[in-house]
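Some notes on the structure that comes next.
Just so you know, these numbers use all the heavy atoms, side chains as well, and skip hydrogens, waters and symmetry mates. Numbered from 1 within each chain, the chains take letters A, B, ... in sequence-line order.
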Amino acid sequence: MNAFFNGEIFKESLWLLVKTLPTVFEVLILGLICAWSWGLILSLIRLSHVRPLRYLAGAYIDLFRGLPLLLLFIFIYYGLPHAGIRLGPLASGVLGIALCYGAYAAEIFRAGIQAIPKGQTEAARSLGMTHGQAMRHVILPQAVRLVVPPLTNEFIAMIKDTSLMSVISVPELLFTAKEKMGVVVNSTPLTVAALIYIVFTVPLIRVAARMESQRGRRKPRGGKSGGTPSVEVGGDLQTADVAGQLP
Amino acid sequence: MVAMIELIDVHKSFGHLHVLKGINLTVQKKEVVVIIGPSGSGKSTMLRCINGLEPIQKGKVMIEGEDLHGPKTDPNKIRQRIGMVFQSFNLFPHKNALQNVMMAPIKVQKKPKAEAEEIARDLLGRVGLAEKAEVLPEELSGGQQQRVAIARALAMKPDMMLFDEVTSALDPELVAEVLSVMRNLAESGMTMVVVTHEMGFAREVGTRLIFMDGGVVVEEGDPREMIVNPKEVRTQKFLSMVL
Ligand SMILES: Nc1ncnc2c1ncn2[C@@H]1O[C@H](COP(=O)(O)OP(=O)(O)OP(=O)(O)O)[C@@H](O)[C@H]1O
Ligand SMILES: [Mg+2]
């Protein structure tokens with residue numbers, strides 16, 4: 001029997017791994033909602049006029065951008081119980097994603113909000129809108145369009161980072177594949193897991209790339225002023241992807 | 001009768017840069033005050049202080065007898081009564097012309113949508129853009145965008161309007177259409193403060209001309225008189241450059 005690839009095991013593993021997808025999706029969707037809501041809140045605090053709050057949000061963002069997600073998962077799942085806080089694997093996973101990706105999302109939202117020309121806020125305020133109304137009706141709807149491409153990249157990284165949850169025994173793809181590998185003494189399950197990741201990530205990568213190239217092509221029209229602002233925070237955000245650190 | 005706008009010894013600094021150095025200005029109802037002055041003299045800053053977009057360091061801004069910076073004053077409420085139009089239009093690019101005009105009446109004044117739409121369509125008609133209601137700002141010419149911006153400000157039914165070089169970003173052939181809207185507005189009795197380099201507009205529509213330089217009002221008077229016969233040397237120099 002070929003210990004590297006085996007057709008029979010391939011079929012078995014495929015079914016086994018596909019069955020983990022609901023769990024992966026659950027963690028991803030909850031993680032995404034929590035991370036991006038938290039990120040939006042953080043970014044608004046970061047841009048608020050209350051200096052202590054602003055600094056606090058900044059410190060949080062730096063801290064969680066500086067921490068490896070793998071460490072965070074392990075800390076939440078194995079460390080916090082020593083402080084009397086016991087979370088299940090899934091909850092730990094979602095919390096870790098929210099804490100870490102919230103920090104990245106906050107930076108993306110901040111950049112998106114700041115990319116909206118100051119004149120927009122002024123026009124809104126001059127019409128009698130409060131700061132909150134101007135944000136809600138004028139700034140955020142425009143910022144959201146700018147942050148879709150970078151957030152798509154974040155989502156891709158998040159998909160890959162669910163694999164880190166294998167160390168806190170979330171029954172996701174990698175965890176299940178590794179278990180199966182132990183049983184069949186064959187690397188085929190890993191190949192299957194890889195294929196499943198790729199099925200989800202590669203189309204998203206294409207979509208993100210397409211959005212970015214479209215953004216570059218859009219031309220402003222009318223008047224001498226204007227121009228399409230964009231969010232240039234993409235590059236270093238890839239550091240959120242720490243899948244390579246898996247032991 | 002209480003003045004629409006009263007600036008009393010207004011000082012404004014950006015950090016160490018002292019931009020407004022004691023501005024006194026009173027604007028009565030239905031006046032069209034035209035403000036001219038070299039770049040950097042503080043014209044925009046003064047307009048922005050009138051509606052509280054910029055905080056001031058000293059002095060008083062009174063709007064229809066209310067202290068803009070008074071402890072009981074809600075500046076958002078006061079801004080609803082002061083329309084402002086900007087050099088760079090600042091239309092909301094994610095909304096079409098009609099939605100741009102309707103937004104503040106709906107979100108700020110809590111008007112029902114149908115009523116806001118009626119007001120907005122009427123105003124777009126008044127600025128000659130009835131057929132552009134469903135068009136996004138990016139598909140409008142600069143002059144059309146600026147007329148939408150004027151309609152947007154008027155939708156709040158303001159008591160006064162501030163114009164900050166609203167034709168400066170326009171190609172020359174588009175200036176007239178915007179000025180004509182402003183002229184109609186003045187004729188309808190709107191109180192206006194207009195920063196502009198359009199001396200024709202100042203002469204024909206302005207009820208008072210103010211020359212600012214270095215953060216102070218250097219000279220003011222009747223536009224028709226002051227343009228041909230300025231008293232101050234600085235005013236003479238400036239006018240000889242723009243005329
Ligand atoms: N937000 C700001 N921060 C710092 N300095 C500012 C700010 N806004 C304006 N200034 C400075 O204040 C001075 C007056 O600016 P202001 O825009 O009021 O001049 P202006 O008379 O409107 O000129 P222009 O004709 O060029 O529009 C300038 O020196 C400008 O650089
Ligand atoms: Mg100016």
Given a strict heavy-atom distance threshold of 4.5 Å, which part of [X] is in contact with chain A: side chain, backbone, both, or neither?
X: B/L53; answer: side chain
X: B/F92; answer: both
X: B/L162; answer: neither
X: B/M156; answer: side chain

Could you tell me whether the side chain of [X] and the main chain of [Y] form a donor-acceptor pair under 3.5 Å?
X: A/Q120; Y: B/L91; answer: yes
X: B/R147; Y: B/V127; answer: yes
X: B/Q145; Y: B/E139; answer: no
X: B/K12; Y: B/P55; answer: yes
X: A/Y101; Y: A/A157; answer: yes
X: A/T152; Y: A/V148; answer: yes

Shortest non-hydrogen contact from [X] toward [Y]:
X: A/W38; Y: A/A98; result: CD1-O, 3.4 Å
X: A/G112; Y: A/V147; result: CA-CG1, 3.9 Å
X: A/G119; Y: B/N90; result: O-ND2, 3.2 Å

- prompt: Around A/F75, counting heavy atoms of other residues, nucleotides and ligands shown, do more than 12 lie under 6.0 Å from its CZ?
  reply: no
Solution key, residues 48-59 of chain A side-chain donor-acceptor pairs under 3.5 Å, sequence neighbours excluded:
| from | atom 1 | to | atom 2 | distance (Å) |
| --- | --- | --- | --- | --- |
| A/S48 | OG | A/I45 | O | 3.0 |
| A/S48 | OG | A/V50 | N | 3.3 |
| A/R54 | NH1 | A/S48 | O | 3.3 |

message: So which residue, B/P93, B/A149, B/A153, ends up with the most heavy-atom pairs under 4.5 Å with chain A?
response: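 Looking at each option in turn, the highest pair count goes to B/P93.
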message: Between B/Q80, B/K107, B/M84, who has the most heavy-atom pairs with chain A when the cutoff is under 4.5 Å?
response: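 With the most close heavy-atom pairs to chain A, the winner is B/K107.
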field: Per-residue contacts, residues 108-123 of chain B versus chain A, heavy atoms under 4.5 Å
entry: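 Checking residues 108-123 of chain B against chain A gives B/V108, B/K110.
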Contacts with chain A made by residues 28-41 of chain B (heavy-atom distance under 4.5 Å), listed by residue number: none
task: Tell me, for A/R145 versus chain B, whether the close heavy atoms (under 4.5 Å) come from the side chain, the backbone, both or neither.
output: side chain
message: Can you tell me which portion of A/Q133 sits under 4.5 Å from chain B's heavy atoms? Options are side chain, backbone, both or neither.
response: side chain
message: Show every salt bridge (Lys or Arg N to Asp or Glu O under 4.0 Å) that has at least one partner inside residues 63-87 of chain B, sequence neighbours left out.
response: B/E64-B/R81, B/E66-B/R81, B/R81-B/D159
message: Please tell me whether B/D164 and B/S44 have a donor and an acceptor in their side chains that are separated by less than 3.5 angstrom.
response: yes
